[in-house]
Amino acid sequence: MVMLDLNKLYDVIVCGAGHAGCEAALASARMGAETLLLTGNVDTVAQMSCNPAIGGLAKGHIVREIDALGGEMAVNSDATGIQFRVLNMSKGPAVQSPRAQCDKKAYQYRMKAVLERTPHLTMFQAEVTELLVKDGRVAGVGTNLGANFKGKTVVLTTGTFLKGLMHVGSSKTIGGRMGDFSSNLLSDSLMKAGIKLERLKTGTPARILVDSIDFDKCDIQYGDVNPCLFGFYDTRIDVEAEPPALPQGENIPDFSDEALEKRYTDLPDSSGRRAKVLSARRSHLQKMFHVEQSLAFGDFVGFGRNQMCCYETETSELTKQIIMANLKRSAMYGGEIKGIGPRYCPSIEDKMVRFASHETHRLFLEPEGRFTAEWYINGLSTSMPLDVQLDIIRSVAGLERAEVERPAYAVEYDYAPPTQLKGSLESKIVEGLFCAGQINGTSGYEEAAGQGLLAGANAAAKVFDKQPIVLKRHESYIGVLIDDLVTKGTKEPYRMFTSRAEYRLLLNHSSAEMRLFEAGCSLGLLSPARKTAIEKKNAIISEYVERFESGKESLLLRRDGEVALKGLPVGFLCLPDSTREEILYRVMYKGYLDRDLRQIEKSRNYESIKIPQDIDYSAVKGLRIEASQKLKEFAPMTVGLASRISGVSPADVGVLIVYLKTLLG
């Protein structure tokens, strides 16, 4: 971490230190950009406002992609995880996805410490109140401290804090998170700059004390015996790897008097005083060394060790009766909330209305950490008044005597419809302004972190006059996410699913390093040692795939599946799990993968046809009015992007291609 400088022109200013902000700041700083990370509260850096879990269906793929691109979320989750499971194990490997329940505070503390120790990165507590714009280009930000910070680029990662308003029944509290502040002035500044804002809503369940849960009435859920971690540790060496314990022997620095005498030249002349100062400094250095090693090696008990249990229960008929009898007292159904809520993570009252034929709904009881008695009721989000909340919770099997420590609540906030962004996540309206996370209409820590990494990296790339990274849909779930946002927009909190990716067979989570190797190298976020290791891994995979395809192994694997493993070479069986799994996947699903690759090649031409940004769509004869309006609004950079805009038909694309050929000769 470097010194704060009020007169400095920063390369990148990141506003907000949630999951998007952390990845954005780390990416830009690791690329060598002088980065300033501003947050309203340094005590809530990387705070998990809802469930302290990372990954899950499609989201786990994103976390592995973040790791493949040199981000931090995967390692941070592995280091602080308290339970690891792979979801969808009964289905094909393309849609299987890792998930980790994390220690909420450990996750937050470790990420904060990583930020504080990153070169080229300054973190400072201040609320951003104004976007400074000059001649259509971002110039910096203003803060609540009366101090302005100058920046060549700015990344907005504001989460739910833009005019955040929390609801518990008819009670309203200003804030983006319970117990935190609301950013009310920045929204006005963004609108003044020409950026359109709308409202969304999300929510979180109540938290209860573990001693008040009757686990005998719940079904236990264990973590996987052989946990699947998010990070690719087989391609990491030295401090990037996760060894079994802290370094010993030769790896311990020399803390002897002689070594410290050489290090410090300002020691007192008095022998007694000199000895005390040496002792104090030795103690400090030893403590700092332990902290550094803990960060590097994940000294948080995680990495699949000493896992905790979760539990499953369900709502009752009484639960439904209580909710339906008090439906008008809900902030959402009582008309208090105007923002649109998440379709795929609805409140419990929304579930009861939308799925009226369901007698019960599953709930999951999950610990918030190793050293707290606080537990999370996954699936019981609500905006009901507190008295109704208590009745609802205590109508659930196992929670009849539940002690509530924090109430459930809903939060409304401003977001900027993401069709105002380019594929690089840079604003089409204000040059040098990038947006990532919930300000773009997404939900989920993973979606935010993936956007943050790309936004921070592209902000740094703009400063260094490099081409931005725009991931394609067939390359990654992050590419699907961003492409959906900038071409289709969203009117509700966007959540990633494997079904959103048309080439999901190519996006299995174990292949993330290979798929994104070129992008990771171009970003400069992979160490030379890791790049070399990935290249070797890729060569081994290609060698065995070719070998198996030219022999009998491919036929045996496709016919008998893993039963055929016993007949495979010993050298193959001794490979790291992730390498072996990727080889098997490519061989067993070769026909399907080749089919997708052929389809991608057919559509590649569309992606290569550029569209001039000053094109007059109303002059394109044969283009439908709706298509003309949508193309003008979204201003796609390529015909491929234009073809994915809702309201633009294949016939419209054909007309546009003919026009472009005539226009460009």
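Below, all heavy atoms of this structure are taken into account, side chains as well, without hydrogens, waters or symmetry copies.
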- State, with a plain yes or no, whether a side-chain heavy atom of D11 is found less than 4.5 Å away from one of T153. no
- Query: Are side-chain heavy atoms of I439 and T157 found at a separation under 4.5 Å?
  - Reply: no
- Query: Salt-bridged, E368 to K105, with N to O below 4.0 Å?
  - Reply: no
- Taking atom NZ of K536 as the centre, report whether more than 12 heavy atoms of other residues, nucleotides or ligands fall under 6.0 Å from it. no
- How about R362: does its CZ atom have over 12 heavy atoms from other parts shown lying under 6.0 Å from it? no
- Message: Using a 6.0 Å cut-off, check whether atom CD of E546 has over 12 heavy atoms from anything other than its own residue.
- Response: no
- Task: List in chain and number order the residues that pass side-chain contact (heavy atoms from CB on, under 4.5 Å) with S649, two or more places apart in sequence or in another chain; answer none if no residue qualifies.
- Result: R624, A651, D652
- Flag side-chain contact, heavy atom, 4.5 Å: L568 against E553: yes
- Message: I want to check a possible cation-pi pair here: R236 against Y233, using under 6.0 Å from ring centre and within 45° of the ring axis as the test.
- Response: yes
- Charged N to carboxylate O under 4.0 angstrom, E607 versus R644? yes
- Have S510 and E581 got a donor and an acceptor in their side chains that come within less than 3.5 Å? no
- Message: Check this for me, if you would: do K112 and E116 make a salt bridge, where the nitrogen-to-carboxylate-oxygen distance has to be below 4.0 angstrom?
- Response: yes
- Task: For the pair R586 and E582, find out whether any cationic side-chain nitrogen is under 4.0 Å from an anionic carboxylate oxygen.
- Result: yes
- Message: If the threshold is 4.0 Å, N to carboxylate O, is there a salt bridge linking D67 and R64?
- Response: no
- Query: Should E513 and K537 count as an ion pair when the cut-off is N to O under 4.0 Å?
  - Reply: yes
- Side-chain ion pair, K472 and E502, N-O less than 4.0 Å: no
- Message: Under 4.0 Å between a side-chain nitrogen and a carboxylate oxygen: does that hold for K462 and E426?
- Response: yes
- Query: Taking the six-membered ring of Y503, is NZ or CZ of R473 closer than 6.0 Å to its centre and within 45° of its axis?
  - Reply: no
- Message: Check this for me, if you would: do K590 and D594 make a salt bridge, where the nitrogen-to-carboxylate-oxygen distance has to be below 4.0 angstrom?
- Response: yes
- Message: Is it the case that the ring center of Y376 lies less than 6.0 angstrom away from the ring center of F364?
- Response: no
- Minimal non-hydrogen separation, A33 against V12, with atom names: CB-CG2, 4.2 Å
- Spatial distance of atom CG (L26) from atom CG (L37) [nearest 0.5 Å]: 8.5 Å
- Across all chains, not counting sequence neighbours, the side chain to side chain donor-acceptor pair (under 3.5 Å) partners of E446 are K59
- For the student: nearest non-hydrogen atoms of L453 and A27, plus distance: O-CB, 3.7 Å
- Where at least one partner belongs to residues 54-92, residue pairs that pass ring pair (Phe, Tyr, Trp, His ring centres under 6.0 Å), sequence neighbours excluded: H61-Y477, H61-H509
